[in-house]
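Here the structure comes first, spelled out in structure tokens, and everything after it is commentary.
Labels below follow one simple rule: chain letters A, B, ... track the order of the sequence lines, proteins then strands, and each chain is numbered from 1. Bear in mind that the values here come from a model prediction, so they are computed numbers and not experimental data.
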Amino acid sequence: MATIDLPVIHAKAADAFTKNDARAHWHDQALWFIRVKRDRLVHALPEWETLRERASAIKQHMISRLADYLEQFEREATRHGAIVHWAADAAEHNQIMLGILQRHQVKRVAKSKSMLTEECHLNPFLERHGIEVVDTDLGEWIVQLRGETPSHIVLPAIHIKKEEVGELFHEKLGTRAGATDPNYLAGAARDRLRDVFLDCQAGITGVNFAIAETGGFVVCTNEGNADLGASLPKVHIACMGLEKLIPRAADLGVFLRLLGRSATGQPITAYSSHFHGPMPGGELHIILVDNGRSQILGSEDYRRSLHCIRCGACMNTCPVYRRSGGHSYGATVPGPIGSILNPARDPGKYSTLPYACSLCASCTDVCPVKINLHEQLLTWRRDIAARGYLSWSKRVAMKWGSYVLNRPKLYAMAGRVGRTTLRWLPRFLVYGPWNAWGKQRDLPPPPKRSFRDEFRRRKTR
Amino acid sequence: MSSKAEILSRIRRHTLEPSPLPALDGEWIAFADRQAQFTQVVTGVGGQVRVRDPRQSLSELLLALPCMENAAQVVCTLPDVRLGNASLDDFPTPQSLAAVDVAILPGEFAVAENGAVWVTDRGLRHRAIYFITQHLVLVVPRGEIIDQMHQAYDRLRFDRPGYGLFISGPSKTADIEQSLVIGAHGPRSLTVVLE
């Protein structure tokens with residue numbers, strides 16, 4: 001694919017979103033509501049911190065022996081009758097998928113939520129080869145019908161209002177004009193997607209956890225769409241990143257207790273399905289995808305980002321994500337975890353993402369597998385600078401900053417100049433386009449005296 | 001080199017410090033009244049719980065469920081209950097289940113902490129029945145309610161091909177402005193009968 005990958009400038013990309021202040025607030029509140037629901041459940045569980053520690057230790061162990069566990073998984077899955085494929089990158093994943101679908105003469109495939117297939121841009125690839133892909137998670141279907149990508153990994157349509165869903169469904173499904181009742185709209189989607197489930201030749205699902213010991217895997221949904229797609233047609237293809245592995249089935253006791261509570265504030269998702277081998281008379285394919293993961297594994301600083309179970313809690317709590325929207329990250333996985341994973345894959349393209357962060361560390365606090373997200377984001381800033389990806393304006397500002405801060409007299413003078421000129425400079429000169437900080441807020445009124453003057457005065461008093 | 005060999009060698013190139021696999025025992029939550037806890041959670045996630053009164057037969061209870069009213073096609077796989085007008089084996093394909101209104105199936109055990117019921121495809125011709133039916137009824141022995149998920153995995157074995165899942169409440173979505181809608185793609189209602 002010859003697409004030109006332009007760098008993502010997060011602040012610029014967020015402009016369109018923040019322009020509509022009321023809507024940005026609405027988005028912020030919608031996500032905060034989920035964070036509050038999560039807190040309520042987490043606080044009701046006395047062993048929450050123990051669970052987080054176990055989960056982190058299990059993942060750390062798994063990563064330290066990943067190759068062995070992958071081989072064990074393949075062996076056990078094959079023993080149950082599944083067919084395991086290995087894909088080094090997104091292109092190979094898509095080719096394998098196409099091969100399976102073509103072998104079965106699949107015209108239409110029902111897909112349930114899989115961020116991995118988004119990461120690999122599977123939909124446009126299959127469509128170019130004449131295969132219709134229907135995203136069956138309601139939120140993902142809405143964004144698919146709008147020609148968009150998900151803005152959140154768990155809540156793909158969190159940025160869309162019900163009025164817009166109503167218009168979209170009126171146009172595409174012929175629902176009543178002006179309808180906004182979520183029950184009515186979801187009902188219309190149910191009817192239409194039932195026809196898809198009943199008339200598709202294969203189902204694609206993601207994987208939440210794959211078990212090395214048993215060769216099985218678990219898929220979690222609330223809608224039941226993954227299970228319909230994996231039990232009506234005869235062919236089921238499950239795609240997973242290498243890091244989805246866990247050593248033992250019993251580890252699920254830890255992870256399933258963490259996932260639903262962290263993701264949406266539910267004690268568990270409505271369906272947690274355990275697949276071991278194909279259904280009788282059917283075919284089960286599992287595609288293991290690397291696509292840059294083994295490279296992250298080699299990095300001491302970022303290795304722990306592979307612990308991620310894609311619950312989305314870091315997004316729901318992030319003050320920047322909530323106010324800038326998922327699309328401003330220009331990547332499949334947005335938010336704090338995305339700002340670590342995406343630069344690891346392409347630092348040139350995603351160099352601004354580690355700066356879309358106030359280092360408040362709320363993400364680290366809520367992460368169910370204890371990824372030190374804010375520390376990794378800070379480390380990324382150092383790496384971005386060291387690799388020469390820092391923007392010109394930041395580079396110059398840093399140079400000047402360090403020049404002034406290294407010279408106490410110059411610093412004192414600059415302070416004096418600032419304190420006096422800021423008082424009489426006209427507003428347009430202070431809040432010009434060069435002052436990104438002052439875009440949505442005012443500088444505090446300049447004090448009469450500097451801290452050092454004040455300190456000296458009090459000491460002599 | 002095959003992709004498998006390439007991926008494995010990419011991983012093995014980095015020798016990581018061994019890190020121990022933790023044990024899974026712990027002071028996990030336990031409930032004084034598991035049945036009450038289970039009922040509360042199931043109700044909270046949009047399902048219903050019915051407990052059979054010893055003076056009542058299971059068939060009587062099932063027939064009186066609201067979802068049985070006007071149900072044209074009922075599938076029941078409980079061994080001792082003569083109910084329903086279709087056997088799962090009468091359906092040649094899973095697609096032919098599309099008209100089923102109510103499915104009554106056994107659940108192996110229930111989990112108090114999250115309102116989940118464990119079910120499998122053992123002896124079931126079509127596992128799609130759990131999702132394609134309009135209403136789902138799971139019958140679970142009253143003595144089979146455990147505290148939490150760790151106990152669940154203590155009793156589960158996956159040494160043979162098969163399919164099993166935890167079901168907690170009816171199918172649902174909140175993808176339109178976070179408004180909860182019951183009955184997304186799967187069953188519009190879930191009733192757990194404690195027998």
Honestly, the part of A:Arg54 sitting under 4.5 Å from a heavy atom of chain B is both

Quick one: what part of A:Trp141 sits under 4.5 Å from any heavy atom of chain B, side chain, backbone, both or neither?
-> neither

Sort A:Glu74 into side chain, backbone, both or neither according to what part of it lies under 4.5 angstrom from a heavy atom of chain B.
-> side chain

Bottom line for A:Pro182: the part with an atom under 4.5 Å from chain B's heavy atoms is both

Cut-off 3.5 Å, side chains only: do B:Thr173 and A:Glu223 have a donor facing an acceptor?
-> yes

Does the pair B:Phe91 and B:His126 meet the rule for a ring pair (Phe, Tyr, Trp, His ring centres under 6.0 Å), with working shown?
-> CA-CA 9 Å; B:Phe91 296 88; B:His126 305 295; 7.3 Å; no

Okay, A:Arg257 and chain B: the region with an atom under 4.5 Å from a heavy atom over there is side chain

What is the distance from atom CZ of B:Phe166 to atom CG of A:Leu252, rounded to the nearest 0.5 Å?
-> 8.5 Å

So what's closer than 4.5 Å to chain B heavy atoms on A:Val165: side chain, backbone, both or neither?
-> side chain

Hey, is A:Arg248 close enough to A:Asp251 for a salt bridge, meaning N to O under 4.0 Å?
-> yes

Any chance NZ of A:Lys234 has more than 12 other-residue heavy atoms, nucleotides or ligands included, within less than 6.0 Å?
-> no

Considering only heavy atoms, which portion of A:Leu256 lies under 4.5 Å from any heavy atom of chain B: side chain, backbone, both, or neither?
-> side chain

Proximity breakdown for A:Leu193 and chain B, heavy-atom pairs closer than 4.5 Å | side chain

Salt-bridge present (A:Arg52, A:Glu49; N to O < 4.0 Å) | yes

For B:Ser189 and B:Gln48, does a side-chain donor sit closer than 3.5 Å to a side-chain acceptor?
-> no

Cut-off 4.5 Å, heavy atoms of chain B, and the answer for A:Ile142 is side chain

Between A:Leu232 and chain B, which part of the residue has a heavy atom less than 4.5 Å away: side chain, backbone, both or neither?
-> both

